[in-house]
Amino acid sequence: MENRDIVIVGAGIIGLSIAWQLARRSGLKITVLEKGAGIGEGSTGASSAICRHRYTLDDMVLLARDGINAYRNWQDFTRLSDPAAEFHNEGVLWMPGDDATWADQEHERMNQIGIATEVLDSQGMAERFPALNNCTITPDTETGQEHECNDNGRNLFEVDGGYVDPVLATQDLLNASRAAGVDVRFRAAVDSVSLGGGKVSGVKLASGDEISAPLVVNAAGPWCMGLYQSVELDIGWPLDPVRIQIVYRDRPPELEGHIPITADMGGGIYFRTQNRGAQLLVGSVLEEDEEEVVSDPDQFQTETDHEFEMVKLHLLHHRLPTLSYSSRIRGYCGLYTVNRADQHPILGPTPVDGLWAANGFSGHGFKLAPAVGGMLAAAITGNASDYDPEVGMDLFSFDRQPIKIDTRSALA
Ligand SMILES: Cc1cc2nc3c(=O)[nH]c(=O)nc-3n(C[C@H](O)[C@H](O)[C@H](O)COP(=O)(O)OP(=O)(O)OC[C@H]3O[C@@H](n4cnc5c(N)ncnc54)[C@H](O)[C@@H]3O)c2cc1C
């Protein structure tokens with residue numbers, strides 16, 4: 001039987017971030033096992049990969065900052081001479097609708113934490129983002145009744161937010177990890193975690209092969225519960241694989257001006273450009289759009305619902321009034337794992353000695369991945385490294401009480 005120091009199950013952005021963060025500070029023998037034929041087969045491949053700093057919890061703001069800092073310095077972080085991914089620094093605009101005080105309060109809080117933000121009133125919006133409608137009225141998507149738009153919005157702009165192509169970033173981490181000696185295998189589904197003497201002794205693959213290792217990290221994304229079930233661990237955390245819909249369409253040339261990543265909190269959508277500005281991608285920030293739990297993550301509806309497309313595009317047109325209705329609408333669905341208890345991940349040791357968790361990212365995992373990788377790698381090896389987060393792993397420990405949050409949606 002092969003002997004390794006650590007087996008990581010899953011080669012998504014989380015599994016490969018952990019692998020790379022371990023490799024860049026240790027000489028441990030690391031194997032990453034991925035059931036898919038390549039990268040991007042799980043949540044990561046469908047991710048909108050928005051890197052925003054603002055969270056309800058100050059520690060989450062710091063963790064997001066540290067993850068985003070790695071993406072902003074990607075070549076240095078990955079130590080690749082020519083990484084494929086790049087940080088698109090579009091900025092993130094938060095539009096709180098008719099709440100006239102939110103932007104100023106959050107501006108104050110973000111600046112105290114050290115995150116650069118600005119408050120944009122109607123003049124600032126017109127100068128910076130002329131294509132965007134600054135109306136504070138939420139369109140009535142039930143009846144379709146029209147309203148006279150106002151220009152009263154008072155919005156928060158995160159200067160250093162952006163997005164990254166999630167598959168390219170994962171590919172870079174794969175290349176960096178392999179160059180540092182990490183063994184990454186595809187078409188290598190893990191059937192179960194093996195135990196011996198009450199602790200982890202390795203994994204058994206679906207092929208029948210076995211690998212021995214004293215430490216196994218569960219980074220299996222929406223499939224994570226299968227590994228816990230294989231050792232009959234009742235984790236007590238409600239981690240649901242949930243179907244998430246995204247629609248996109250071409251951006252017509254007449255829609256001019258910079259369009260930042262936008263969270264339309266009143267309307268309940270977010271949008272950003274992709275393909276170097278040639279397309280517009282739209283998703284939801286509503287809890288009601290995170291309700292469709294799938295029983296088998298290998299089998300779910302990957303096409304978007306017509307109703308979802310119509311409602312979200314109607315809301316997009318409210319924000320971008322000069323956007324024509326002419327182009328083709330397309331969509332896709334992905335899965336992410338929602339931690340219903342508090343929308344935050346579970347990280348670190350579980351009650352099974354040698355089995356570690358990195359699950360339940362609830363729609364936040366992409367931006368956090370480099371920092372989460374650093375957190376776990378520092379805890380496993382005892383070695384610090386550059387890009388390590390300031391926030392300790394205890395906040396997300398298996399035996400914590402659920403974190404108190406204001407909103408149970410992607411905007412937590
Ligand atoms: C539509 C959508 C939009 C999103 N938008 C954002 C966003 O804007 N910003 C943000 O920060 N986050 C966002 N997220 C969330 C983010 O993408 C996820 O939190 C993150 O990708 C999770 O990564 P992961 O590695 O844990 O999971 P995954 O990418 O799912 O990786 C897990 C891997 O494990 C493999 N695996 C599973 N079981 C086994 C097994 N038994 N044996 C071997 N391999 C196994 C799977 O094949 C998979 O490749 C979004 C997600 C979705 C779906």
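Side chains are part of it too, since the values below use all heavy atoms of this structure and drop only hydrogens, waters and symmetry mates. Quick caveat: nothing in here was measured; it's all calculated off a predicted structure. Order of listing sets the numbers, starting from 1, for every ligand and every atom in it.
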Undergrad: side-chain contact (heavy atoms from CB on, under 4.5 Å) for R400 and H344? Distances and angles first, verdict last.
TA: CA-CA 11 Å; R400 70 172 187 257; H344 286 73; 3.9 Å; yes
Undergrad: Output the list of atoms in ligand 1 that are nearer than 4.0 Å to some heavy atom of I14, sorted by atom number.
TA: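 Near I14, meaning under 4.0 Å from one of its heavy atoms, ligand 1 has 23 (O), 24 (P), 25 (O), 26 (O).
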Undergrad: List the closest protein heavy-atom neighbour of atom 50 (C) of ligand 1: residue, atom name, distance to the nearest 0.1 Å.
TA: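 For atom 50 (C) of ligand 1, the nearest protein heavy atom is S47 OG, 3.4 Å.
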Undergrad: Under 3.5 Å between any N/O of W223 and any N/O of ligand 1: does that happen in this structure?
TA: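 No.
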Undergrad: At a non-hydrogen distance cut-off of under 4.0 Å, which region of D191 contacts ligand 1 (side chain, backbone, both, or neither)?
TA: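 Neither part.
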Undergrad: If we ignore angles and hydrogens, is there a donor and acceptor under 3.5 Å between the side chains of D172 and T170?
TA: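 There is no such pair between these side chains.
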Undergrad: Does the pair K35/D191 count as a salt bridge with the N-to-O cut at 4.0 Å?
TA: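 So K35 does not pair with D191 through a salt bridge.
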Undergrad: Determine, considering heavy atoms only, which of G360, A219, G334, A220 sits nearest to atom 37 (C) of ligand 1.
TA: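 Shortest heavy-atom distance from atom 37 (C) of ligand 1: A220.
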Undergrad: Starting from atom 53 (C) of ligand 1, find the nearest protein heavy-atom neighbour and note its residue, name and distance.
TA: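 Nearest neighbour among protein heavy atoms for atom 53 (C) of ligand 1, to 0.1 Å: L335 O, 3.3 Å.
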Undergrad: Regarding R154 and D99, does a basic nitrogen lie under 4.0 Å from an acidic carboxylate oxygen?
TA: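 Looking at D99 together with R154, the answer is no, because their closest N to O distance does not fall below 4.0 Å.
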Undergrad: Just by distance, with hydrogens left out, do R4 and T31 show a side-chain donor and acceptor under 3.5 Å apart?
TA: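 The answer is yes; a qualifying pair exists.
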Undergrad: Are a donor atom and an acceptor atom from the side chains of Y387 and D76 found within less than 3.5 Å of each other?
TA: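 Side-chain D/A pair, Y387 to D76: present.
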Undergrad: For atom 49 (O) of ligand 1, which protein heavy atom lies nearest, and how many Å away is it?
TA: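 Answer, as residue, atom name and distance: E34 OE1, 2.7 Å.
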Undergrad: Specify side chain, backbone, both or neither for I50, according to which of its non-hydrogen atoms lie closer than 4.0 Å to ligand 1.
TA: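 Both of them.
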Undergrad: Can you figure out which of G67, S48, A169, A358 has its heavy atom closest to atom 5 (N) of ligand 1?
TA: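 Selected option, by shortest heavy-atom distance: S48.
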Undergrad: Within a reach of under 6.0 Å around CG of D296, are more than 12 heavy atoms found that belong to other residues, nucleotides or ligands?
TA: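 Yes - once you tally the heavy atoms of other residues, nucleotides and ligands closer than 6.0 Å, there are more than 12.
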Undergrad: Where's the contact between L368 and ligand 1, heavy-atom distance under 4.0 Å: side chain, backbone, both or neither?
TA: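 L368 to ligand 1: no contact under 4.0 Å from either part.
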Undergrad: Looking only at heavy atoms, is any part of F366 under 4.0 Å from ligand 1, and if so is it the side chain, the backbone, or both, or is it neither?
TA: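 Contact part for F366 vs ligand 1: both backbone and side chain.
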Undergrad: Note the single closest protein heavy atom to atom 30 (O) of ligand 1, along with its residue, its atom name and the distance in Å.
TA: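 Going atom by atom, the protein heavy atom closest to atom 30 (O) of ligand 1 ends up being S43 N, 2.8 Å.
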Undergrad: Take a 6.0 Å sphere around CD of Q301 and say whether it holds more than 12 heavy atoms from other residues, nucleotides or ligands.
TA: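 Counting neighbours around CD of Q301, more than 12 heavy atoms of other residues, nucleotides or ligands fall under 6.0 Å, so yes.
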Undergrad: When only distance counts, is Y270 in polar contact with ligand 1, meaning an N/O pair under 3.5 Å?
TA: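 Checking ligand 1 against Y270, no N or O pair falls under 3.5 Å apart.
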Undergrad: Ignoring hydrogens and angles, write down the donor-acceptor pairs under 3.5 Å from the side chains of residues 345-358, residues two or more places apart or on other chains.
TA:
| from | atom 1 | to | atom 2 | distance (Å) |
| --- | --- | --- | --- | --- |
| T350 | OG1 | V352 | N | 3.1 |
| T350 | OG1 | V352 | O | 3.4 |
| T350 | OG1 | L355 | O | 2.9 |

Undergrad: Would you please say whether a donor-acceptor pair under 3.5 Å links the side chains of T117 and H107?
TA: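 Side-chain D/A pair, T117 to H107: present.
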Undergrad: Is the closest side-chain donor-acceptor distance between E86 and W74 under 3.5 Å?
TA: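 Note: E86 and W74 side chains miss the donor-acceptor criterion.
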Undergrad: Answer yes or no for A188: is there a heavy-atom contact with ligand 1 below 4.0 Å?
TA: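 A heavy atom of A188 does come that close to ligand 1.
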Undergrad: Short N/O distance, under 3.5 Å, between G36 and ligand 1?
TA: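 Min N/O separation from ligand 1 is not below 3.5 Å for G36.
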Undergrad: Strictly by modelled atom types, are N359 and W237 linked by a side-chain donor-acceptor pair under 3.5 Å?
TA: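 No.
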Undergrad: Look only at interatomic distance and state if T44 has a nitrogen or oxygen under 3.5 Å from any nitrogen or oxygen of ligand 1.
TA: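 For ligand 1, there is an N or O atom that lies under 3.5 Å from one belonging to T44.
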Undergrad: Check residues 63-70 and write down every donor-acceptor pair under 3.5 Å in which the side-chain atom is one partner and the other belongs to a residue at least two apart or another chain.
TA:
| from | atom 1 | to | atom 2 | distance (Å) |
| --- | --- | --- | --- | --- |
| R65 | NH2 | E390 | OE1 | 2.8 |
| D66 | OD2 | E390 | N | 3.1 |
| N69 | OD1 | N73 | ND2 | 2.9 |

Undergrad: Can you sort out which atoms of ligand 1 are near G10, meaning under 4.0 Å from one of its heavy atoms?
TA: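 Close to G10: 33 (C), 34 (O), 35 (C).
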Undergrad: Name the option, out of K35, R187, M225, K367, that contains the heavy atom nearest to atom 11 (O) of ligand 1.
TA: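 Considering heavy atoms of K35, R187, M225, K367, the nearest to atom 11 (O) of ligand 1 sits in K367.
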Undergrad: Which ligand 1 atoms, with their elements, are less than 4.0 angstrom from a heavy-atom of F361?
TA: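 Per the distance check, 19 (O).
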Undergrad: Check whether the side chains of Y336 and E290 place a donor and an acceptor atom closer than 3.5 Å, and report yes or no.
TA: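 E290 and Y336 do have a side-chain donor-acceptor pair below 3.5 Å.
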Undergrad: Between K312 and Y270, do the side chains contain a donor N or O and an acceptor N or O under 3.5 Å apart?
TA: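 Side-chain D/A pair, Y270 to K312: absent.
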Undergrad: Please state whether P222 comes within less than 4.0 angstrom of ligand 1, counting heavy atoms only.
TA: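 Right, P222 reaches ligand 1.
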Undergrad: How does A49 reach ligand 1, if at all, at less than 4.0 Å between non-hydrogen atoms: by side chain, backbone, both, or neither?
TA: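 The backbone, only.
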Undergrad: Could you tell me which atoms of ligand 1, counted from 1 in the order shown, lie closer than 4.0 angstrom to a heavy atom of I13?
TA: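 Answer, ordered by atom number: 20 (C), 21 (O), 23 (O), 25 (O).
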Undergrad: Ligand 1 and A46, any nitrogen or oxygen pair closer than 3.5 angstrom?
TA: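 No.
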Undergrad: Under 3.5 Å between some N or O of ligand 1 and some N or O of I244?
TA: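 In this structure, I244 places no N or O atom under 3.5 Å from an N or O of ligand 1.
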Undergrad: Nearest to atom 51 (C) of ligand 1, what protein heavy atom do you find, and at what distance?
TA: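 Result: Y336 CD2, 3.2 Å.
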Undergrad: List ligand 1 atoms under 4.0 Å from A189, heavy atoms only on the residue side.
TA: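 Those of ligand 1 that fall under 4.0 Å from A189 are 42 (N), 43 (C).
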Undergrad: What are the atoms of ligand 1, with element, lying closer than 4.0 Å to any heavy atom of I246?
TA: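 Under 4.0 Å from I246, ligand 1 has these atoms: 1 (C).
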Undergrad: Find the distance between CZ (R243) and CG (L335) and round it off to the nearest 0.5 Å.
TA: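 These two atoms lie 9.5 Å from each other.
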